[in-house]
Amino acid sequence: MIVGVVGKIAAGKTTVAEFFEKKGFCRVSCSDPLIDLLTHNVSDYSWIPELPGKAEPTREKLIEFGKYLKDRYGGDVLIRLAVDKKRHCRNIVIDGVRSKEEIEAIKRMGGKVIYVEARPEIRFERLMGRKASKDRTIRGFEDFRAMDEAEEKLYRTSELKEMADYIIVNEGTLEELMREVEGIIKDIAGKV
């Protein structure tokens with residue numbers, strides 16, 4: 001089974017994917033293949049589209065290289081690479097799905113898609129709390145809004161909500177989120 005997790009920056013995609021991982025799914029992010037290619041860490045793949053020059057995987061570089069790969073190899077290239085990286089796994093959860101083509105690829109493989117959402121203020125608070133290196137250019141709420149708007153313009157993430165099989169509003173506690181994810185896992189398992 002393949003499950004894709006979609007949502008805006010800091011909505012809780014990784015947290016949802018981590019709950020799936022605790023239930024036995026192999027977790028991979030759509031950005032993992034990009035990071036692996038940019039850092040030349042490609043031993044987990046049975047194929048790679050091309051190897052770029054080595055570069056630091058900043059958010060800007062990941063977006064730029066991801067767009068290049070999608071334009072050159074198809075909008076589903078990151079899903080194909082992510083699934084290839086975890087090809088030994090029976091169940092895979094893919095964090096950070098960001099396009100219609102990626103969702104369609106997951107559904108072609110018989111997978112399900114979860115859309116995770118939260119208000120911008122909550123997402124900004126989370127982003128500042130996680131202190132990820134890829135987010136270091138975001139210093140305040142205005143930077144966050146600009147990045148959020150740029151990502152929306154690039155990926156039209158809000159429109160992807162309509163394609164999801166499940167929608168999670170992640171504005172409560174971790175325990176509430178975990179209960180919701182457990183319900184989805186039971187529902188998916190019942191349909192397999």
Check ion pair Lys153-Glu149 (N to O, under 4.0 angstrom): no
Under 3.5 Å donor-acceptor, Glu171 side chain and Arg119 backbone: yes
Interatomic distance, Asp36 atom CG to Ser29 atom OG [nearest 0.5 angstrom]: 10.0 Å
Nearest atoms (heavy-atom pairs only) where Met109 meets Ile79: CE-CG2, 3.8 Å
Atom of Ile35, atom of Pro57 and distance for their closest heavy-atom approach: CG1-CB, 3.9 Å
Residues forming a side chain to side chain contact (heavy atoms under 4.5 Å, CB included) with Ala17, sequence neighbours excluded: Arg27, Val93, Asp95
Euclidean distance, Tyr166 OH relative to Asp187 CG, rounded to 0.5 Å: 3.5 Å
Student check: side-chain heavy atoms of Trp47 and Leu81 closer than 4.5 Å: yes
Val77 side chain reached by Pro33 side chain, heavy atoms, under 4.5 Å: no
Same cluster (ILVMFWY, side-chain, under 4.5 Å), Ile103 and Tyr155: no
Euclidean distance, Glu182 CD relative to Phe19 CZ, rounded to 0.5 Å: 8.0 Å
Flag side-chain contact, heavy atom, 4.5 Å: Met163 against Val113: no
Co-membership, hydrophobic cluster, residues Leu69 and Leu154, 4.5 Å side-chain: no
Minimum side-chain heavy-atom gap Val97-Leu160 below 4.5 Å: no
Closest non-hydrogen atom pair between Asn41 and Tyr45, with its separation: O-CE1, 4.1 Å
Single-linkage hydrophobic cluster, 4.5 Å side-chain cutoff, Val5 and Val169 together: no
Electrostatic pair Glu117:Lys161 at N-O distance under 4.0 angstrom: yes
Contact check, side chains of Val3 and Ile184, non-hydrogen atoms, under 4.5 Å: no
In one Ile/Leu/Val/Met/Phe/Trp/Tyr side-chain cluster, 4.5 Å: Ile2, Ile114: no
Charged N-O contact under 4.0 Å between Arg108 and Asp76: yes
Min side-chain heavy-atom separation Met147-Asp143 under 4.5 Å: no
Sub-4.5 Å side-chain heavy-atom contact between Ile94 and Glu102: no
salt_bridge(Lys61, Glu56) N-O dist < 4.0 Å: no
Within 6.0 Å of NZ in Lys107, more than 12 heavy atoms from elsewhere: yes
Point-to-point distance, once rounded to the nearest 0.5 Å, from CG of Leu127 to CD1 of Ile122: 14.0 Å
Which residues share a salt bridge (Lys or Arg N to Asp or Glu O under 4.0 Å) with Glu50, sequence neighbours left out: Arg72
CZ/Arg87: more than 12 non-hydrogen atoms of other groups inside 6.0 Å: yes
Phe144 side, atom CZ; Arg123 side, atom CZ - distance, nearest 0.5 Å: 4.0 Å
Basic-acidic side-chain contact under 4.0 Å: Arg98, Glu151: yes
Nearest-0.5 Å distance that lies between atom NZ in Lys85 and atom OG in Ser46: 13.0 Å
Crowding at CD, Glu104 (>12 non-hydrogen neighbours, <6.0 Å): yes
Contact summary for Tyr115 and Ser158, nearest pair of heavy atoms: OH-CA, 3.7 Å
N/O donor-acceptor pair under 3.5 Å between Asn170 side chain and Ala118 backbone: no
Heavy-atom pair of closest approach, residues Arg126 and Ala11: NH1-O, 3.0 Å
For the student: nearest non-hydrogen atoms of Phe65 and Pro52, plus distance: CZ-CG, 3.5 Å
Basic-acidic side-chain contact under 4.0 Å: Asp84, Arg80: no
Side chain proximity check, Asp32 to Asp44, heavy atoms < 4.5 angstrom: no
Within one Ile-Leu-Val-Met-Phe-Trp-Tyr cluster: Leu34 and Ile48, side-chain cutoff 4.5 Å: yes
